[in-house]
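Below you'll find the structure, written out as structure tokens, and then a few comments.
Proteins get letters first, then strands, A, B, ... in listed order; numbering begins at 1 in each.
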2 protein chains.
Amino acid sequence: MSKFWSPIVHQLTPYVPGEQPKINDLIKLNTNENPYGPSPKALTAIEIETGNSLRLYSDPTSERLVRSIAQYYQLKPKQVFVGNGSDEVLAHTFQALFQHGKPLLFPDITYSFYPVYCKLYNITAETVRLNKNLEIDVNDYQRPNSGIIFPNPNAPTGHGIGVDAIEALLKKNTDSAVVIDEAYIDFGGTSAVTLIDRYPNLLVIQTLSKSRSLAGLRVGFALGNEALIAGLTRVKDSFNSYPLSSIAISGACAAITDKAHFEYTRKRIISARALLTTQLNALGFNIIPSQANFLFVTHPEHDAADLASQLRVKNIIVRYFNKPRIDQYLRITIGTDDECKTLVSALKNIVNG
Amino acid sequence: MSKFWSPIVHQLTPYVPGEQPKINDLIKLNTNENPYGPSPKALTAIEIETGNSLRLYSDPTSERLVRSIAQYYQLKPKQVFVGNGSDEVLAHTFQALFQHGKPLLFPDITYSFYPVYCKLYNITAETVRLNKNLEIDVNDYQRPNSGIIFPNPNAPTGHGIGVDAIEALLKKNTDSAVVIDEAYIDFGGTSAVTLIDRYPNLLVIQTLSKSRSLAGLRVGFALGNEALIAGLTRVKDSFNSYPLSSIAISGACAAITDKAHFEYTRKRIISARALLTTQLNALGFNIIPSQANFLFVTHPEHDAADLASQLRVKNIIVRYFNKPRIDQYLRITIGTDDECKTLVSALKNIVNG
């Protein structure tokens with residue numbers, strides 16, 4: 001507390017990210033990172049960029065990257081916005097699109113950064129309860145709002161909804177922005193990006209942190225109608241001219257264009273998820289069907305926090321949220337095949353104890 | 001314009017950075033980049049970081065970098081805040097410290113991003129006129145305010161004031177934050193960092209873009225009282241958990257600790273500045289004494305915009321601001337010795353032409 005702080009600073013409840021412990025031989029299944037490394041082409045692109053030219057400012061428009069992403073999704077460059085991780089893109093989105101007085105709608109169980117942004121930008125939030133299966137039902141979002149945002153697949157549940165459901169929502173909600181946070185879309189969901197040309201209020205946000213294995217590089221992006229992108233750009237250009245380093249721009253371009261590496265790694269994760277689901281079901285876990293690179297699991301006979309502690313002793317970290325409705329769940333990132341195997345053995349020991 | 005924009009977006013006047021043209025053989029003296037490359041140790045550190053570990057999130061606290069900077073300035077880690085370029089650090093500072101209803105004070109001629117941040121965060125601004133020599137006089141800042149900010153040395157003038165003047169200001173202004181933006185301090189000024197332990201409302205902001213030749217890596221930082229840093233951290237943790245990539249953290253650490261490269265390059269720039277000042281004086285230019293890596297020059301017989309255009313034809317870019325009081329000035333970045341020589345020849349032809 002300080003008298004020099006702006007009043008809003010006192011009211012903030014900062015987001016707490018999953019821990020990033022520096023322990024060797026840890027099986028880290030707590031922050032949904034990709035178990036496989038990034039595209040070797042991305043690493044080469046970064047190495048090429050690492051030289052005396054770093055003395056120069058990076059391209060403030062990140063034009064090369066914008067064009068690569070536009071080409072990948074068959075959009076116009078003016079329909080693409082890039083930022084320093086999708087968290088920065090989300091922050092700009094909250095400020096640029098959701099400050100209209102009415103409440104912003106998002107699920108009661110979702111990415112816990114959303115209420116943090118609301119406090120930062122003085123946005124009223126109204127949470128919409130997931131149904132009894134912990135799924136989003138778009139019919140529940142038909143009420144006065146300044147905007148709607150949810151992840152698809154949702155986090156931390158992993159449950160995804162179809163593009164048809166999103167289109168139904170867009171048809172009924174035409175006066176405010178609908179933002180679909182597709183951080184995990186590449187692990188089995190269907191992107192709403194195909195609806196962009198028909199719905200001027202749709203914004204899709206994605207990241208290179210998960211399916212492109214570049215969480216440490218910090219690149220995210222938004223796709224949408226030109227006017228929405230122009231709004232984000234106005235905020236960005238009033239905040240930081242150069243949010244992406246030259247290295248991030250080059251690495252991200254190469255990662256986006258290396259489809260082979262992307263397909264290979266995401267398919268491995270999808271098949272590991274199927275196997276892990278079967279194995280955990282066999283141990284008595286209930287699992288929400290996942291389209292993400294993690295599982296959200298609960299065991300009828302074992303306390304979730306207790307399971308997390310016991311895994312921690314065995315050098316395996318998973319994510320536990322001490323929050324209403326989900327305090328008996330664990331969120332477990334899909335690791336390599338070996339990591340999944342070790343996890344299953346550990347849980348087998350604990351559960352069969 | 002879009003009905004989906006938050007009302008504030010319509011009111012923004014985004015910052016326009018100096019151009020970054022992709023033309024070979026251009027002598028680029030328009031954005032105050034360092035003509036020398038970054039520390040080779042920084043490049044090596046980046047190469048080491050470029051591997052599969054980029055799949056993992058970077059350290060949200062950038063602890064290694066915070067410690068390196070703290071050690072360099074003999075401060076505690078809790079007195080250091082790092083961000084994605086000093087522009088991001090400035091943005092967080094405006095939001096965290098300057099929203100108190102009264103006007104924020106800054107010079108009428110200064111870094112043109114300040115009024116942009118004011119619009120982004122709904123801060124009233126009151127500009128304080130530089131004196132007739134285009135210098136900051138701290139006596140002019142004794143009026144009701146929500147905060148005071150100015151660069152030292154000032155941009156685009158290059159004129160610096162002493163630590164004694166800043167201390168005099170701090171003694172009289174105790175109820176709001178005083179932020180000294182020291183982007184250019186390493187080229188001849190004296191940092192106010194030595195005052196931090198005595199003045200709880202002093203925040204010093206620096207960047208690795210200029211004296212560390214890392215504009216393309218995007219790293220800036222703030223130094224100040226623990227409570228001020230805690231305020232900035234609350235805002236940062238409500239905006240983006242991981243503003244610095246693993247690569248930026250490693251590269252910046254190495255750059256900060258490589259004192260030899262830093263001293264060598266800044267001394268070359270300081271001596272090139274002295275020579276260029278003498279040579280431009282000989283051509284009839286009037287020059288504000290500079291403590292920065294640029295000169296702010298005017299010629300009594302030649303129109304500044306016209307000079308800039310003629311230089312552009314000769315593949316030399318300098319910065320011209322079409323603004324009251326300075327529309328007859330050019331801001332010229334100090335280049336390599338060869339670049340300075342080419343510039344002087346070109347100007348000799350134009351002026352004597």
Side-chain angles (χ1 to χ4, degrees), chain A residues 2 4-9 12 14-15 17 20 31 33-34 37-38 43 46-47 50-60 84-85 87-88 91 95-100 116 119-120 176-177 201 213-218 227-228 231 234-235 237-243 245-248, chain B residues 2 4-9 12 14-15 17 20 31 33-34 37-38 43 46-47 50-60 84-85 87-88 91 95-100 116 119-120 176-177 201 213-218 227-228 231 234-235 237-243 245-248:
Chain A
S2 162
F4 303 116
W5 291 2
S6 302
I8 197 171
V9 178
L12 298 174
Y15 178 76
Q20 297 290 343
T31 50
E33 288 139 334
N34 198 309
L43 301 180
I46 291 171
E47 278 159 20
T50 304
N52 283 348
S53 62
L54 283 178
R55 70 180 184 84
L56 300 172
Y57 281 99
S58 47
D59 173 9
N84 183 35
D87 282 346
E88 182 180 86
Q95 189 171 18
L97 304 179
F98 293 154
Q99 294 181 316
H100 295 279
V116 176
K119 286 198 176 178
L120 188 66
S176 68
N201 59 330
S213 311
L214 283 170
L217 193 64
R218 316 304 305 124
L228 296 188
R234 286 175 73 87
V235 169
D237 283 335
S238 299
F239 180 85
N240 190 353
S241 300
Y242 317 91
S245 70
S246 307
I247 282 174
Chain B
S2 162
F4 304 115
W5 291 1
S6 302
I8 197 170
V9 178
L12 297 175
Y15 178 76
Q20 298 288 344
T31 49
E33 287 140 335
N34 198 309
L43 300 180
I46 291 170
E47 279 159 19
T50 304
N52 283 347
S53 63
L54 283 177
R55 72 180 184 84
L56 300 173
Y57 281 98
S58 47
D59 173 9
N84 182 35
D87 283 346
E88 181 179 86
Q95 189 172 20
L97 303 179
F98 292 155
Q99 293 181 316
H100 295 279
V116 176
K119 286 198 176 176
L120 188 66
S176 67
N201 59 330
S213 310
L214 283 170
L217 194 64
R218 317 304 305 125
L228 297 187
R234 287 175 73 86
V235 170
D237 283 334
S238 300
F239 179 85
N240 190 354
S241 299
Y242 317 91
S245 70
S246 306
I247 282 174

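- Contact annotation for B:Phe239: both backbone and side-chain heavy atoms come within less than 4.5 Å of a heavy atom of chain A.
- In this structure, the portions of B:Glu88 lying under 4.5 Å from any heavy atom of chain A include both its backbone and its side chain.
- Inter-residue side-chain proximity for B:Glu33 and A:Leu56 is flagged as met; some heavy-atom pair is nearer than 4.5 Å.
- Residue B:Pro60 touches chain A through its side chain alone, counting heavy-atom pairs closer than 4.5 Å.
- Interface remark: of the candidates A:Pro14, A:Ser238, A:Ser245, A:Pro7, A:Ser238 forms the most heavy-atom pairs closer than 4.5 Å to chain B.
- Of the possible polar contacts, one joining the B:Ser6 side chain to the A:Gln95 backbone as a donor-acceptor pair under 3.5 Å is found.
- Here B:Asn84 contributes atom CG and A:Asn84 contributes atom CG; the two are 4.0 Å apart, rounded to the nearest 0.5 Å.
- Applying side chain to side chain contact (heavy atoms under 4.5 Å, CB included) to A:Trp5 and the options B:Arg234, B:His100, B:Gln99 leaves one that passes, B:Arg234.
- Within the 4.5 Å cutoff, the side chain of B:Leu97 has no heavy atoms near those of the A:Val9 side chain.
- With hydrogens and angles ignored, the 3.5 Å screen pairs no side-chain donor or acceptor of B:Asn240 with any backbone N or O of A:Gly85.
- Side-chain atoms of B:Asn34 do not come within 3.5 Å of backbone N or O of A:Arg55 as any donor-acceptor pair.
- Side-chain contact between A:Tyr57 and B:Pro17 is absent, with no heavy-atom pair separated by less than 4.5 Å.
- The most heavy-atom pairs under 4.5 Å with chain A, out of B:Val116, B:Ile8, B:Asn52, B:Asp59, come from B:Asn52.
- Using a 4.5 Å cut-off between heavy atoms, A:Phe4 contacts chain B through both its backbone and its side chain.
- Interface residue B:Ser176: only backbone heavy atoms are found under 4.5 Å from chain A.
- With respect to chain B, the highest number of heavy-atom pairs below 4.5 Å among A:Ala177, A:Ala248, A:Ser213 belongs to A:Ser213.
- Looking at B:Ser58 and A:Arg218, their side chains come closer than 4.5 Å, going by heavy atoms from C-beta outward.
- Of the listed residues A:Pro38, A:Gly51, A:Ala96, A:Ser2, the one with more heavy-atom pairs under 4.5 angstrom with chain B than any other is A:Ala96.
- Within the 4.5 Å cutoff, the side chain of A:Leu43 has heavy atoms near those of the B:Leu54 side chain.
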